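Note that this is a predicted model, so its numbers are computed, not measured.
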Amino acid sequence: MQTLTDTHQQFASFFESKTLQPFAYLVSKKLSEGNICFDVQALDNEIENLPNYYKKTIINHTALANEPLVATENSPKQPFILHNNRLYLQRYFNYESQILSSIIKMCNAELGVINSRMDALKTHNQLIKKLFDTTFKSNQTNWQLVAAISGVLNNFTIITGGPGTGKTTTVAKILAILYAINPNLKVALAAPTGKAASRMAESLKTTITNTTSNIPENIKANFALLQPLTIHRLLGFITNSLYFKHNETNPLNYDVVIVDEASMIDVAQFAKLLNAIGPQTRLILLGDKNQLASVQAGSIFGDLCQAQAKLNLFNVPTANFINSFFEDESQHIEADNVSKNTLQHTLFQHIIELQFSHRFKNNEGIGLFSKAIIQNNQAQIIDFITANTDAQVAIDTQCNAVFFDDFIAGYEAYIHESDIKMALKKFNKLRVLCAIRQGEQGLYTLNKNIEKYLSHKNLIDTRTEFYKHRPIIITSNNYDLDLFNGDIGIVRPDVDGNLKVWFEDAAGELKSVLPSLINQAETVYVMTIHKCQGSEFEQVLVVLPQQQNIAILTRELLYTGITRAKNKVFLQASQAVILQAAQGQVKRTSGIGQRFLEEL
């Protein structure tokens with residue numbers, strides 16, 4: 001009996017139909033690549049990716065309509081669904097349908113309360129003007145205030161924007177307004193990973209303690225009660241189950257749910273999250289639409305942001321209402337962002353893109369370089385590489401060992417620091433980021449190289465697994481230890497000389513765990529760019545593989561790595577690889593955009 005090593009072929013072989021098997025193969029393969037479905041009209045482009053066995057049997061995709069195991073949306077359940085010339089596994093079609101249905105329900109539910117919410121906002125006019133300094137002349141629309149008003153008016157809101165555009169600041173001010181309207185407001189904060197949840201807590205804490213936030217002291221007390229959770233914990237994980245305690249029949253008991261780093265959420269988790277939120281609850285999703293999509297199937301956040309031809313569009317009454325909060329007309333929503341069309345997309349007025357970065361300048365440094373990458377501006381990228389004089393961006397196209405060693409010398413600081421809490425902070429000031437796990441420029445080799453460097457300096461001794469000063473990252477959720485995928489700690493002795501792994505909790509306090517209790521962790525001098533989403537560092541070194549034509553190298557990946565740096569980014573890669581990465585683009589197939597259009 002022949003043994004199949006191709007898992008997609010193993011899946012396809014379960015089905016007897018010779019007509020269905022090639023399509024089953026392609027659906028499985030596309031799913032493994034992050035796509036929710038397979039566009040059967042693109043069949044000609046995929047035939048070369050099929051095993052020779054299927055190339056001989058595949059026929060026109062119209063034959064799928066006669067396959068008994070292929071259903072349409074309204075027919076009895078079958079393993080496959082064909083909708084709009086897209087072939088899905090039934091489960092993923094259901095996820096997409098649940099997302100669509102949940103968003104439509106939320107948007108419809110807000111229609112009955114929009115007038116009362118407008119009245120409440122008018123009542124707190126002075127607070128809003130104080131929070132956003134509406135007298136300031138900026139000569140550009142204050143999209144943070146626009147997003148805040150939208151977040152209060154809507155039941156479903158997406159706030160997207162690049163690093164430093166003020167997503168967390170805007171959310172803090174939305175909460176300040178909502179707490180002023182209802183001091184007993186029940187709020188949930190969540191993120192896909194423990195690290196992202198912790199950073200959300202830290203960012204909110206920084207925002208509300210900043211004297212320029214103008215948040216009243218009596219409202220600040222409400223923020224102290226907020227405890228960001230992972231989405232798994234928010235929904236109530238059930239051990240060894242795909243399901244959660246909170247769902248459509250047992251929704252979350254909150255007035256407002258705010259989710260950060262939403263671009264990291266895969267389609268399954270997105271569906272389950274929306275399913276657990278009642279239509280009367282406000283849901284606010286934060287994220288950067290240009291960042292990498294989720295590791296698992298789907299790029300729903302990006303798909304939603306791209307579902308309309310233009311973002312930041314409002315109808316005349318809503319634009320006039322929002323503009324009434326500005327004392328200076330230079331901050332008004334401009335005419336180009338006002339639509340008079342009566343027939344509008346479901347997501348119309350529900351997605352706001354923040355466009356001004358308070359961290360990076362648009363005409364230099366990380367801001368300009370990241371923009372050139374995401375827009376594939378090859379000429380501008382070459383200018384950065386050849387000039388190499390920018391204060392925030394340093395590029396080594398020769399892959400020089402000295403360039404690498406000069407950066408990793410920064411790790412010596414946390415080892416010399418005796419205070420554990422301060423050592424963690426110093427360690428998290430910098431990070432080496434890479435694109436791949438294997439190979440010379442991969443995670444494992446780079447981590448080993450850094451260990452060799454520090455060993456040579458007699459700063460670490462790697463003869464034991466949990467050696468003193470070893471930095472580790474947790475790679476799976478451990479609810480018993482209250483440790484989550486993405487949590488970072490360092491190994492240090494306690495006062496009795498016993499080695500422990502030390503972490504900071506969400507409140508910024510130290511907690512320690514015996515190394516013997518941790519069974520899924522990796523050394524973390526180096527992180528993959530996928531893993532570092534939701535993190536920020538003062539400085540990062542991005543190391544790309546030397547070989548070209550690696551599918552994983554895309555503009556989204558490079559953009560995500562570069563924008564993890566707050567102050568300076570070092571990039572080590574050949575010019576050819578950088579330019580090729582900027583040309584590559586993540587393209588994941590889903591039907592969510594088309595299905596929204598069907599609702600018009």
Side-chain angles (χ1 to χ4, degrees), residues 26 29-39 42 44-46 48-49 160 162-163 263-264 266-267 287-303 305-306 366-386 393 395-397 399 432-443 446 526-533 540-565 569-590 593:
L26 288 170
K29 183 174 183 295
K30 287 296 179 183
L31 192 60
S32 73
E33 295 168 353
N35 301 281
I36 297 172
C37 52
F38 167 58
D39 184 352
D44 289 346
N45 299 328
E46 298 294 337
E48 286 304 312
N49 295 323
T160 186
S263 64
M264 298 170 65
D266 62 66
V267 65
D288 184 345
K289 64 182 177 63
N290 293 321
Q291 269 191 208
L292 278 170
S294 60
V295 175
Q296 302 300 323
S299 53
I300 292 295
F301 184 82
D303 292 343
C305 290
Q306 294 169 14
I366 296 171
L368 182 61
F369 188 51
S370 61
K371 184 178 177 181
I373 293 294
I374 207 65
Q375 294 179 350
N376 187 26
N377 187 331
Q378 300 265 309
Q380 205 160 63
I381 296 169
I382 291 171
D383 285 345
F384 264 95
I385 294 171
T386 53
V393 180
I395 302 173
D396 169 32
T397 57
C399 300
V432 178
L433 305 177
C434 64
I436 54 179
R437 300 181 75 85
Q438 306 288 345
E440 193 174 341
Q441 289 81 37
L443 177 83
L446 293 176
V526 185
M527 298 172 72
T528 63
I529 296 172
H530 277 90
K531 198 75 172 179
C532 77
Q533 289 186 87
V540 302
L541 166 60
V542 179
V543 180
L544 299 183
Q546 292 184 10
Q547 61 269 43
Q548 298 180 43
N549 301 314
I550 296 178
I552 198 173
L553 291 180
T554 62
R555 65 186 68 167
E556 291 87 356
L557 181 116
L558 186 49
Y559 169 89
T560 301
I562 288 167
T563 55
R564 297 312 88 204
V569 61
F570 299 81
L571 175 59
Q572 194 164 46
S574 70
Q575 176 171 307
V577 167
I578 296 170
L579 293 175
Q580 192 170 79
Q583 288 176 332
Q585 192 171 12
V586 174
K587 293 181 180 178
R588 292 187 171 182
T589 305
S590 83

Heavy-atom closest pair (V540 atom, G561 atom, distance to 0.1 Å) is CG2-O, 3.8 Å
Take F384 and I578 through the test side-chain contact (heavy atoms from CB on, under 4.5 Å) and record every step on the way to the result. CA-CA 11 Å; F384 264 95; I578 296 170; over 6 Å; no
Quiz item: Given side chains that start at C-beta, do those of T563 and V569 come closer than 4.5 Å, heavy atoms only?
Solution: no
When rounded to the nearest 0.5 Å, the distance separating CD of Q575 from OG1 of T397 is 7.0 Å
**OP:** Starting from the C-alpha separation in whole Å, work towards a yes-or-no answer on salt bridge (charged side-chain N to carboxylate O under 4.0 Å, His left out) for K29 and E46.
**Re:** CA-CA 11 Å; K29 183 174 183 295; E46 298 294 337; 5.0 Å; no
Any chance the side chains of Q546 and E440 put a donor and an acceptor closer than 3.5 Å? no
### Query
Is L558 close to L571 at the side-chain level, that is, under 4.5 Å between some pair of heavy atoms?
yes
The reported gap from CD1 in I529 to CZ in R564 (rounded to nearest 0.5 angstrom) is 10.0 Å
CD of Q580 to CG of L553, rounded to nearest 0.5 Å, is 7.5 Å
### Message
Closer than 3.5 angstrom, by distance alone: can the side chain of T160 be matched with the main-chain N or O of G287 as a donor-acceptor pair?
### Response
yes
Tightest non-hydrogen contact, residues H530 and L557, listed as CE1-CD1, 3.7 Å
Closest non-hydrogen atoms of L446 and Q441, given as atom of the first, atom of the second and distance, are CD1-O, 3.5 Å
Between the CG atom in L26 and the CZ atom in F38, the distance rounded to the nearest 0.5 Å is 4.5 Å
Exercise for review: Check whether any side-chain heavy atom of I562 sits under 4.5 Å from a side-chain heavy atom of I366, and report yes or no.
Suggested key: yes
Side chain Q378, main chain L579, donor-acceptor under 3.5 Å: yes
In short, S263 meets F301 closest at the heavy-atom pair CA-CB, 3.7 Å
d(L443 CG, M527 CE) to nearest 0.5 Å is 9.5 Å
Output for pair (T554 OG1, Q583 CD), nearest 0.5 Å, gives 12.5 Å
| request: Any chance you could lay out the side-chain contact (heavy atoms from CB on, under 4.5 Å) test for I381 and I373, step after step, and finish with the verdict? | output: CA-CA 7 Å; I381 296 169; I373 293 294; 3.8 Å; yes
Q) Yes or no on side chain to side chain donor-acceptor pair (under 3.5 Å) for D39 and T589, after CA distance, side-chain angles and deciding distance? A) CA-CA 7 Å; D39 184 352; T589 305; over 6 Å; no
Determine whether I36 and I300 satisfy the following criterion, side-chain contact (heavy atoms from CB on, under 4.5 Å), listing intermediate values before the conclusion.
CA-CA 10 Å; I36 297 172; I300 292 295; 3.8 Å; yes
All heavy atoms of S590 vs all of C37, minimum pair found to be CA-SG, 3.8 Å
Correct closest heavy-atom pair for V526 and C434 would be CG1-SG, 3.7 Å
